[in-house]
Amino acid sequence: MKALMRALRAMPAMLRVGFAEMVAYRAELVIWILTALTPIIMLLVWDGVAANGPVGGYDRAAFARYFTAGLFVRQLTSSWVVWELNESIRTGTLSPALLKPIHPLAFRAAENVVVLPFRLVVMMPIAVALWLWRPEMGMFIEARALPLCLLSIALAWAMNFLAQTVFGALAFFAEQSLGLFNVWFSLWALLSGYLFPLELLPSWARTIVWYLPFRSMLAVPTEIAAGQLGGAEALLEVGVQAIWVVLFFFAARAMWRAGVRRYEAFGA
Amino acid sequence: MTASNDPVVVVDRLSKVYRVPRKDPGLRGSIGSLFRRRYQEVRAVDGVSLEIRPGERVGFLGPNGAGKTTTLKMLSGLLVPTDGSIEVAGHRPWLREPEFLSQITLVMGQKMQLIWDLPPRETFELNRALFDLDAAECKRTLEELVELLELGPLLDRPVRNLSLGERMKCELAAALLHRPSLLFLDEPTIGLDVRMQVAVRQFIAQWNKQSGATVLLTSHYMADIAALTPRVVVISSGRIVYDGSLETLVDKLAPERRVVVMPLRPLSQEELTAAAPFVLEEGRLVVTVVVQEVKRVVDRALRELPVQDLAIEEPPLEDVIAQLFSSEAEA
Amino acid sequence: MKRLRHVVRATVASFRVAIMMAVQYRASFVAEAVVSVFWLAWTIVPLFVLFRFQRGVAGWSQDEALVVVGFFITLSGVLDAFVDPNLSAVVQHVRQGTLDYVLLKPIDAQLLVSVHRTAPSKLPHVLAGVIVAVIAAARLPRAPGAADLGAAFLLLGAGTAILYSLWTMVVSLSFKFVRVDNLSYLLRTFVDAGRWPTAFYPVVVRFVLTFIVPVGLMTTYPALALRGALSTSGLALALGVALAFFGAARIAWTLAVRRYASASS
């Protein structure tokens, strides 16, 4: 608890440092943001497919709404802590971070969070461009869906961060940890609604996907934002998200602790 | 055809000016620099002129940021000068012509060209191909280097398993495989233990004698200069402050000596007063005088004081040079 | 002639060292093969989902589109095995200052940095892509003739050249923005757009993906050649674009090195 309070008190300073760092390397940031433009590519393709009529319940407007919402959700929920952890473990720069009174993960979380407003700002012109291209998509988020949507995004962010922590912490144990993360990422890309709305899968596939965490990491907040998921069903899905967050938290914590113990036993 | 004693390095009013972004402190500064970057000019090298003859060993001495490394990089063609002229071995270095590159080599103290995961031998093989060296000649050169640097047991162990000193020796071998006529060294002894520093200096001196290569060395260690380079070029704030022999420099700058007397027995107050200008310092009698006065002071001490031991100390070279830099900074 | 021999010798030696270094890493072929299976799924399943609702999309049948996907996987594998390792190494060289050593060798620096690293463990991706392309091509109604195959190979080579050139231009950027280690992810996003036939995209995007960032050209055109749908002028156009990009890459590199030479300390 004390550690948490300490971390919270240090938040403003960490955010400020994170911001200064981010500005110093702003080119990198823009590039990072550009790399998340795959949804736009997918949107273009699906839009072409739906040119002659709706596909699987999605017409052009629905696709536009889905992928635009997906773009925002992706930007607001992605992190890169797996690469940072992997590097700091391999190069030994984790050691000084462990000595600081702030938990290194808290610092990373702060870093990842501070970038979000910037990402949002950069996304705005793209969203406007998309809206001008397909005005039939309308306003893709209703005011009353907003609170739940924000909660869902926050939970998705946490899932992503914690999942990446688990894989980042794998670097304590295995050299191939990034390879494993790539497998996870491939599954995520396929099954999270990143490349296509999960509604378009055949029903047997949809059932399987419901039991996997990936849906909660992107599809749920996206569908809520796009107005395609609402009411009691949405609440249920958000509840499922929360459960996943808890599970991931414990997994991450266990991995981290086991990893740090090993790290300190064997030296950097 | 150039005569063999024509200067191999000719530098005239060489300058290198950088534009460096500047950030105001604090959060506002961060936001500000997002939109509008401000620059300031840094004159890393400011009107440097010198000539070096083939086979010479020259040391560039100066504090960090003085412009030594920048000058060396311009001589090796890695940096393009902003102003002035520079000619090395009859070429303009920054054009990086293959004939020029085959005649020079650069060893940077903190950066390695050795391939980390492989034995040094593999780097040597690679360099042999990169410089298109004849197999037999290369073998001979390598044998020479292995002998001089005692590389025998190191050749086949991965570089990552070698100590820092061992790595440095292999770096030197890799750099000299193509028998360049110019050897540029940038802080070659940095981070090495004393024994290794001595070994490196000895090797460089030996190689210079054996191969006739011209040696240019930058360092902020006096010991490198004192041991290796009879000619020292002192650089401070991008300008040459002195160019000549080290002895002359020391004599010019520090014509003082410290005479230290260890007394046989403790002195009484009267004796201490009479011993002036000697001052009591931690049980010893000390005085600092100009070189010319040393004999007089020593004679007097031996006559009048109960001397058990007497020493004449030169001020540390570091202090001498530091004094030179600080006076330059004030100028 | 002597110079050429020198350059060839230097290239072969650099590549040999690249392989030796890669072998050191014990990145297991088996592990990579497993990863490529997952990656295959990620690349192919969306295609199946796409064609679930329609027989043809923008004039391409599923098998024809699958050929494009196969070529995409192949070229991505080539990118991973031969192009990207060199990219990361150059970024690291610039960061650590060891690019100086490359510049001091009497061999063209661009050539050296293009062959000095490799990741042979990524070759399973190339194989997977070829297999997919072959299976899809076998299912085409019209079997490709010798000329079609030849054109397809040539265009895949052109595609490699385009990838290489794009990579080189991106690396040249890294000289200025030193901390850009996610450049490879940027490149990958662009390359990702090449997984679909260019016909799937709106006209403007099609133009961009054929002439400005020709990732569409590098996968779609060989597929068109394979099914005999590419005219000679189309072939010439594609080769012309590849050549233009190669030249542009050379210019970008030269400018970047010059800038490095005047800006670094």
Side-chain angles (χ1 to χ4, degrees), chain A residues 21 24-58 80 83-84 87 133-134 174-176 178-192 194-202 205, chain C residues 25-28 30-32 34-54 56-58 60 65 121 170 173-174 176-190 192-206 209 215-216:
Chain A
E21 262 191 17
Y25 296 111
R26 57 198 173 174
E28 169 185 354
L29 201 54
V30 173
I31 285 168
W32 261 112
I33 293 173
L34 278 177
T35 62
L37 288 183
T38 304
I40 294 185
I41 296 172
M42 294 312 299
L43 171 56
L44 291 172
V45 173
W46 284 109
D47 183 82
V49 172
N52 299 323
V55 160
Y58 277 77
W80 56 90
W83 292 287
E84 285 183 332
E87 171 125 2
W133 173 64
R134 282 276 169 274
E175 265 190 51
Q176 314 279 21
L178 275 186
L180 284 164
F181 177 73
N182 281 333
V183 172
W184 168 270
F185 181 82
S186 306
L187 288 171
W188 174 87
L190 197 56
L191 303 170
S192 66
Y194 185 55
L195 299 172
F196 49 83
L198 294 173
E199 281 288 308
L200 296 177
L201 286 172
Chain C
Y25 269 108
R26 292 182 285 122
S28 112
V30 175
E32 282 299 335
V34 169
V35 171
S36 55
V37 168
F38 280 96
W39 199 69
L40 254 181
W42 169 49
T43 322
I44 294 184
V45 167
L47 185 78
F48 289 145
V49 174
L50 202 72
F51 277 94
R52 212 180 133 221
F53 303 95
Q54 287 175 13
V57 176
W60 288 71
S121 64
V170 150
L173 275 180
S174 82
K176 176 169 173 167
F177 307 107
V178 178
R179 194 178 127 171
V180 202
D181 29 29
N182 34 55
L183 276 179
S184 72
Y185 286 98
L186 172 70
L187 194 60
R188 245 167 257 286
T189 308
F190 281 119
D192 204 49
R195 69 158 74 189
W196 310 109
T198 46
F200 283 20
Y201 296 105
V203 177
V204 178
V205 178
R206 214 177 302 166
L209 293 178
V215 291

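By convention in this document, chain letters (A, B, ...) are assigned in the order of the sequence lines, proteins followed by strands, and residues within each chain are numbered from 1.
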Euclidean distance, A/Met42 CE relative to C/Leu50 CG, rounded to 0.5 Å: 7.0 Å
Which of A/Ala205, A/Gly56, A/Gly48 touches chain C most, by non-hydrogen pairs under 4.5 Å: A/Gly56
Segment of C/Pro46 engaging chain A (4.5 angstrom heavy-atom cut-off): both
Heavy-atom pair with the smallest gap, counting every atom of A/Val49 and C/Gln54: O-NE2, 2.7 Å
Separation between CZ of C/Phe200 and CH2 of A/Trp46, rounded to the nearest 0.5 Å: 10.0 Å
C/Phe53 portion near chain A, given a 4.5 angstrom heavy-atom threshold: side chain
Region of C/Val49 that comes under 4.5 Å of a non-hydrogen atom in chain A: both
Side-chain heavy atoms of C/Trp42 within contact of A/Leu195, under 4.5 Å: yes
Proximal component of A/Leu44, with respect to chain C [non-hydrogen, under 4.5 Å]: both
Side chain, backbone, both or neither of A/Leu187 within contact of chain C (heavy atoms, under 4.5 Å): side chain
More than 12 heavy atoms from other groups under 6.0 Å of CZ on C/Phe51: yes
Separation between CG of A/Leu200 and CZ of C/Phe48, rounded to the nearest 0.5 Å: 16.0 Å
Heavy-atom proximity to chain A below 4.5 Å, by part of C/Ala193: both
